Colleague: 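One structure coming up, written as structure tokens, with questions to follow.
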Amino acid sequence: DTEVTQTPKHLVMGMTNKKSLKCEQHMGHRAMYWYKQKAKKPPELMFVYSYEKLSINESVPSRFSPECPNSSLLNLHLHALQPEDSALYLCASSQKQGALSNEQFFGPGTRLTVL
Amino acid sequence: GQSLEQPSEVTAVEGAIVQINCTYQTSGFYGLSWYQQHDGGAPTFLSYNALDGLEETGRFSSFLSRSDSYGYLLLQELQMKDSASYFCARALDRDNYGQNFVFGPGTRLSVLP
């Protein structure tokens with residue numbers, strides 16, 4: 001299984017709502033990532049989990065709250081978002097295999113619209 | 001500096017060869033990756049260069065010159081399905097797991113019949 005799955009595919013929420021994005025992988029990867037991607041822009045790294053511990057937080061506002069309950073699952077909890085947070089949220093995973101391997105496997109993303 | 005530069009758009013015809021360049025600032029460099037992303041799709045890994053030279057994977061090759069802070073992706077025998085955005089990305093640290101990545105702005109490749 002070389003797949004990263006994300007749910008939901010689409011999400012529309014109001015600024016006062018609380019919602020969660022979910023990501024799952026069963027490749028045994030021990031690094032998992034959240035990216036945000038706006039239209040016609042590159043993915044921007046938000047968070048990195050390494051061995052289920054948060055290792056990188058790229059100064060993301062606290063209205064985004066990541067959680068890694070186990071080595072296969074990654075959640076992103078959303079609360080009090082702003083319309084400018086509307087974007088494609090991508091989850092990825094990787095496991096380094098020697099010095100020359102650097103592949104990240106991306107899920108299909110959740111298209112988020114904040115009204 | 002962590003930024004990368006790529007051309008915004010490239011156009012070529014089917015069967016041709018196209019080169020997409022990427023330049024980067026040298027501080028904290030740990031390798032250059034290339035990703036392809038079709039409209040509405042997820043980025044998919046194409047290639048990675050940690051050392052100088054050429055890496056070949058089928059129709060795609062990637063090259064790195066650390067002394068010039070420069071790399072490129074070479075696509076041969078272009079097909080219509082190669083129309084997509086191509087991103088170079090650099091790793092910013094050498095953690096065993098967890099790669100701090102920054103992506104270049106992306107190059108939109110259009111393949112014409």
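In this text the structure is predicted, and so the values were computed from the model without any measurement. Each chain gets a letter, A, B and so on, in the order its sequence line appears, and its residues count up from 1.
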Colleague: Looking at CZ of B:Phe87 and CD of A:Gln37, how far apart are the two atoms once the value is rounded to the nearest 0.5 Å?
Modeller: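 The distance works out to 5.5 Å.
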Colleague: Measure the spacing between OH of B:Tyr35 and CD of A:Glu103 and express it to the nearest 0.5 Å.
Modeller: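 Spacing of OH (B:Tyr35) from CD (A:Glu103) equals 6.5 Å.
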Colleague: Under 4.5 Å from any heavy atom of chain A, what part of B:Pro105 do you find: side chain, backbone, both or neither?
Modeller: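 It is the backbone, since no side chain atom gets that close.
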Colleague: Using heavy-atom distances under 4.5 Å, tell me whether A:Pro43 contacts chain B through its side chain, its backbone, both, or neither.
Modeller: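 Looking at A:Pro43, backbone and side chain both touch chain B.
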Colleague: May I ask whether A:Leu78 and A:Val12 are part of the same hydrophobic cluster, defined by side-chain heavy atoms of I, L, V, M, F, W, Y residues being less than 4.5 angstrom apart, directly or through others?
Modeller: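 No, separate clusters.
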Colleague: Could you look at A:Glu44 and say if it's the side chain, the backbone, both or neither that has a heavy atom under 4.5 Å from chain B?
Modeller: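 For A:Glu44, no heavy atom lies under 4.5 Å from chain B.
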Colleague: Using the rule that Ile, Leu, Val, Met, Phe, Trp and Tyr join whenever any side-chain heavy atoms are under 4.5 Å apart, tell me whether B:Met80 and B:Leu78 fall into a single cluster.
Modeller: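 Both belong to a single hydrophobic cluster.
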Colleague: If you look at every heavy atom in A:Pro42 and B:Gly104, which pair is closest and at what distance?
Modeller: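 Nearest pair, atom of A:Pro42 first, then B:Gly104: CB-O, 3.1 Å.
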Colleague: A:Leu21 and A:Leu115: same hydrophobic cluster, using ILVMFWY side-chain contacts below 4.5 Å?
Modeller: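 As far as the 4.5 Å side-chain criterion goes, A:Leu115 and A:Leu21 are not connected within one cluster.
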Colleague: So with a 6.0 Å cut-off around NZ of A:Lys38, is the heavy-atom count from everything else above 12?
Modeller: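 More than 12 heavy atoms, drawn from other residues, nucleotides or ligands, come within 6.0 Å of this atom.
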Colleague: Linking directly or through intermediates, with side-chain heavy atoms under 4.5 Å: list the remaining ILVMFWY members grouped with B:Leu74, chain and number order.
Modeller: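 Once heavy-atom contacts under 4.5 Å are chained together, B:Leu74 belongs with B:Ile17, B:Leu54, B:Phe63, B:Tyr70, B:Tyr72.
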